[in-house]
Visitor: 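Sharing a structure with you now.
Throughout, protein chains are lettered first and strands after them, A, B, ... in sequence-line order, and every chain is numbered starting at 1.
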2 protein chains.
Amino acid sequence: MGSARLPRAITIEDVAERAGVSAKTVSRVLNNEPNVRQNKREMVMQASRDLGYRPNPAARSLAGAKSFLIAHLYDNPAPEYIAAANDGIYAACRANGYFLLPEYVDPKANDRLDRLMNFLMTARADGVILTPPLCDDIEVLNILNQTDTPYASLSATHPSIGRPVINHDERAAARDLVLHLIGLGHREIAMITGPAGHNAARVRELGYIDALQQAGLSPRPDFSERGDYTMRSGIVFGQKLLCLPSRPTAIFAANDDMAVGVLTAAFSLGYQIPNDLSVVGYDDNRLASAVWPPLTTIRQPVAEMGRRAAERLMSPDPLQPDRETLDFKLIIRASTGPVPAYL
Amino acid sequence: MGSARLPRAITIEDVAERAGVSAKTVSRVLNNEPNVRQNKREMVMQASRDLGYRPNPAARSLAGAKSFLIAHLYDNPAPEYIAAANDGIYAACRANGYFLLPEYVDPKANDRLDRLMNFLMTARADGVILTPPLCDDIEVLNILNQTDTPYASLSATHPSIGRPVINHDERAAARDLVLHLIGLGHREIAMITGPAGHNAARVRELGYIDALQQAGLSPRPDFSERGDYTMRSGIVFGQKLLCLPSRPTAIFAANDDMAVGVLTAAFSLGYQIPNDLSVVGYDDNRLASAVWPPLTTIRQPVAEMGRRAAERLMSPDPLQPDRETLDFKLIIRASTGPVPAYL
DNA sequence: CTGAAAGCGCTAACAA
DNA sequence: TTGTTAGCGCTTTCAG
């Protein structure tokens, strides 16, 4: 195998010698600890730079009981979402000298909890970030608590006391989205929800209902289908909804991928969008603005949420405040329009 | 910060004591080294299991000069592709007790080489995997060689002597794709290529030209546009091509994302697909089968390629054979059809 | 404010 | 086949 190392790596001793101080002083300087005279501090910095010194993370970790690793635990419902969150987490980690360790928790694996435990015990990350739906998975949370692992979540609804949660107001966002449809004259609005057990998805349903009720409408049971965030489920349930005896004039898919599926279903059935049907998604991922017609959707700051979550974990005091709520934005594009005149 | 650790972690000494052997023997057993009597081996395994022992990676790394880390260096032209490769790399790593360390090399950052160097020196990964176009980036390769870092590449065209390259025959694949179009009667076939400097993309152009020539056609300069693998560029160049005085009857986009963009461009111009225009992509990513109409494309085994690359790096002898070529497959879907009768 | 000593948990090198 | 002795490079502790 062989690892990546030059003839002989520069150690803290080398820096100490060149700076004319002890190793401990170098350590103090490099870790921004107090109690070092300014001039020594500068000498150390200079020596370190001259030598191109990089602390050995294994040694730091072993001696200091810190790994400089932040793990991102993810399930896999909406790859675009996960990727965006991952990007944000990654950026924050690297900006602070940490490394990102992605770890997939396969929802279909019987031994997923054993694997997770194994991961936590071997990787020994300094913190763990959970993206939905893992952030509401009680079994996972139990293991995290049990192993005493600090963690933060994105869009968690489960009240993990004292753990930072970064989110945005999904209920209000979903409501705004449906109100936009209602403002366009739609009254027959169907929804394709996210998977069961995905609490953030459930919250979007609540927003949908809020909007309907606010307009004096009541949700029709046959206008609600449970998708799984895949494009395929958007196709399947889009078709199902459009084949209903009295079909909806607008469909709210709980994420963009499913909305794209609905587009596909509508086209395959010969419907024009938005002339015959309005479609809205949620997330504003890459697809949303690239498909035809581009999707009206909610832009949620996923990468930013990931960034904040990682920052919280790396900060000296990761708790307080428990929750941080970032802004969302309604993005209106060509997939929505007035109710068809013929209906 | 505080790291994730139980009251007192179980060490190799604990296992040694319980098994009645020395720490070194435990080490031998756990690392599958020879020269341990079978019964002792079993006692150690048992003791290790009883105690729920997990070796401390920092200690292993410090003592053994191995980090158990495989880095994935990526640029960002086609997120789906990168994600798929990453999944394969990740799976292989975890299956072998390694961790995956993703690292983004921002092509727009002036100090990208410094950052890369810094990453390599601090993370000290045991191996590095390059996805295109980084695998053909001379500056990056130089740094890798300079720091003596073992690496493997996906779809590299640059002859990195002695470094494993996992690929598939992109030239043949592109040719097959275009031959499929030609078989359908198309003669006016345009191509939207990948970005300059992306050698794998260049190879696809070669395949396109091969097919044309094989059919006695010659490439038209105005039928070749340089995209950048984004959906947006598919839209832009799709529109441009379709607005040509004598427009193509088929468009080959060098990846699926751009093909989706072409679909969008065609729809926005009022064209039906495949009635008025045939479109083909490359990759067979999630979009390809989810958009309407679903794309005829090439399925390349990206995840598998990532998996193999990682395996090569983790194997005791990472070199030989230099290149591994995996299979591709032509996937025919509804985005291609006969030439419009009216043309 | 600074440094010396000790040790984190493991494996390499050597000895038995 | 096994165990012993030394560190790996850093941070902790504690003395100055």
Visitor: Decide yes or no, distance alone: a donor-acceptor N/O pair under 3.5 angstrom between the base of C/dG9 and the side-chain of B/Arg54.
Guide: no
Visitor: Tell me: CD1 of A/Ile12 to C1' of D/dC10, nearest whole Å?
Guide: 6 Å
Visitor: Take atom OH of A/Tyr53 and atom P of D/dG9, then tell me their distance rounded to the nearest Å.
Guide: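 Atom-to-atom, A/Tyr53 to D/dG9, this comes out as 10 Å.
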Visitor: From CD1 of A/Ile10 over to P of D/dG9, roughly how many Å is that when rounded to an integer?
Guide: 12 Å
Visitor: Given atom CZ of B/Arg28 and atom C1' of C/dA13, what is their separation to the nearest angstrom?
Guide: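 To the nearest whole Å, that distance equals 11 Å.
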Visitor: Tell me the closest heavy-atom pair linking B/Leu101 and A/Leu100, and the distance in Å.
Guide: CD1-O, 3.5 Å
Visitor: Which residue, B/Ala23 or B/Gly64, contacts DNA chain D at a nucleotide closer to its 5' end, judged by nearest heavy atom?
Guide: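 Result: B/Ala23.
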Visitor: Out of D/dG3, C/dG3, D/dC10, which nucleotide sits closest to the side chain of B/Lys40?
Guide: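 For the B/Lys40 side chain, the nearest candidate turns out to be D/dG3.
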Visitor: Is any side-chain nitrogen or oxygen of B/Ser22 closer than 4.0 Å to OP1 or OP2 of D/dG3?
Guide: yes
Visitor: Taking the nucleotide of DNA chain D with the closest heavy atom to each, which residue, B/Ala63 or B/Thr25, is nearer the 5' end?
Guide: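 With B/Ala63 and B/Thr25 compared, the 5'-side residue is B/Thr25.
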Visitor: Just the rounded figure in Å: distance from P of D/dT2 to CE of B/Met43.
Guide: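 After rounding, the gap between these two atoms is 10 Å.
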Visitor: Between B/Arg308 and B/Glu304, is the closest basic N to carboxylate O distance under 4.0 Å?
Guide: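 B/Arg308 and B/Glu304: not salt-bridged.
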Visitor: Can you tell me how far C1' of C/dG7 sits from CD of B/Glu13, to the nearest Å?
Guide: 13 Å
Visitor: Check for a donor-acceptor pair, side chain of B/Asn96 on one end and backbone N or O of B/Ala92 on the other, with a separation under 3.5 Å.
Guide: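 Yes: the side chain of B/Asn96 pairs with the backbone of B/Ala92.
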Visitor: Ignoring backbone atoms, test whether B/Asn35 places a side-chain nitrogen or oxygen under 4.0 Å from the OP1 or OP2 oxygen of D/dT2.
Guide: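 Checking D/dT2 against B/Asn35, no side-chain N or O comes under 4.0 Å of OP1 or OP2.
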Visitor: Among C/dA12, C/dC8, D/dT1, which nucleotide sits nearest the side chain of B/Glu33?
Guide: C/dA12
Visitor: Would you kindly give the CG-to-P distance between B/Asn56 and C/dG9, to the nearest whole Å?
Guide: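 The distance from CG of B/Asn56 to P of C/dG9 comes to 7 Å, rounded to the nearest Å.
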Visitor: Less than 4.5 Å apart, any side-chain heavy atom of B/Val140 and any of B/Arg112?
Guide: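 Yes - at least one pair of side-chain heavy atoms lies under 4.5 Å apart.
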Visitor: Counting the atoms with a prime plus P, OP1 and OP2 as sugar-phosphate, which does B/Pro55 contact under 4.0 Å by heavy atoms, base, sugar-phosphate, or nothing?
Guide: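 It contacts sugar-phosphate atoms only.
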Visitor: Counting just side-chain N and O atoms, does A/Ser27 come under 4.0 Å of either OP1 or OP2 of D/dT11?
Guide: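 Checking D/dT11 against A/Ser27, a side-chain N or O does come within under 4.0 Å of OP1 or OP2.
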Visitor: Just the rounded figure in Å: distance from P of D/dT1 to CZ of B/Arg41.
Guide: 10 Å
Visitor: Should A/Asp322 and A/Arg163 count as an ion pair when the cut-off is N to O under 4.0 Å?
Guide: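 No, no charged N to carboxylate O under 4.0 Å.
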Visitor: Does a nitrogen or oxygen in the side chain of B/Arg60 sit under 4.0 Å from OP1 or OP2 of C/dT11?
Guide: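 For C/dT11, OP1/OP2 do have a side-chain N/O of B/Arg60 under 4.0 Å.
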Visitor: If you compare every side-chain N and O of A/Arg37 against the phosphate oxygens of C/dT2 (OP1, OP2), does one of them come in below 4.0 Å?
Guide: yes
Visitor: Kindly indicate whether the side chain of A/Lys24 and the base of C/dA4 share any N or O donor-acceptor pair separated by less than 3.5 Å?
Guide: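 Side chain to base: no pair below 3.5 Å.
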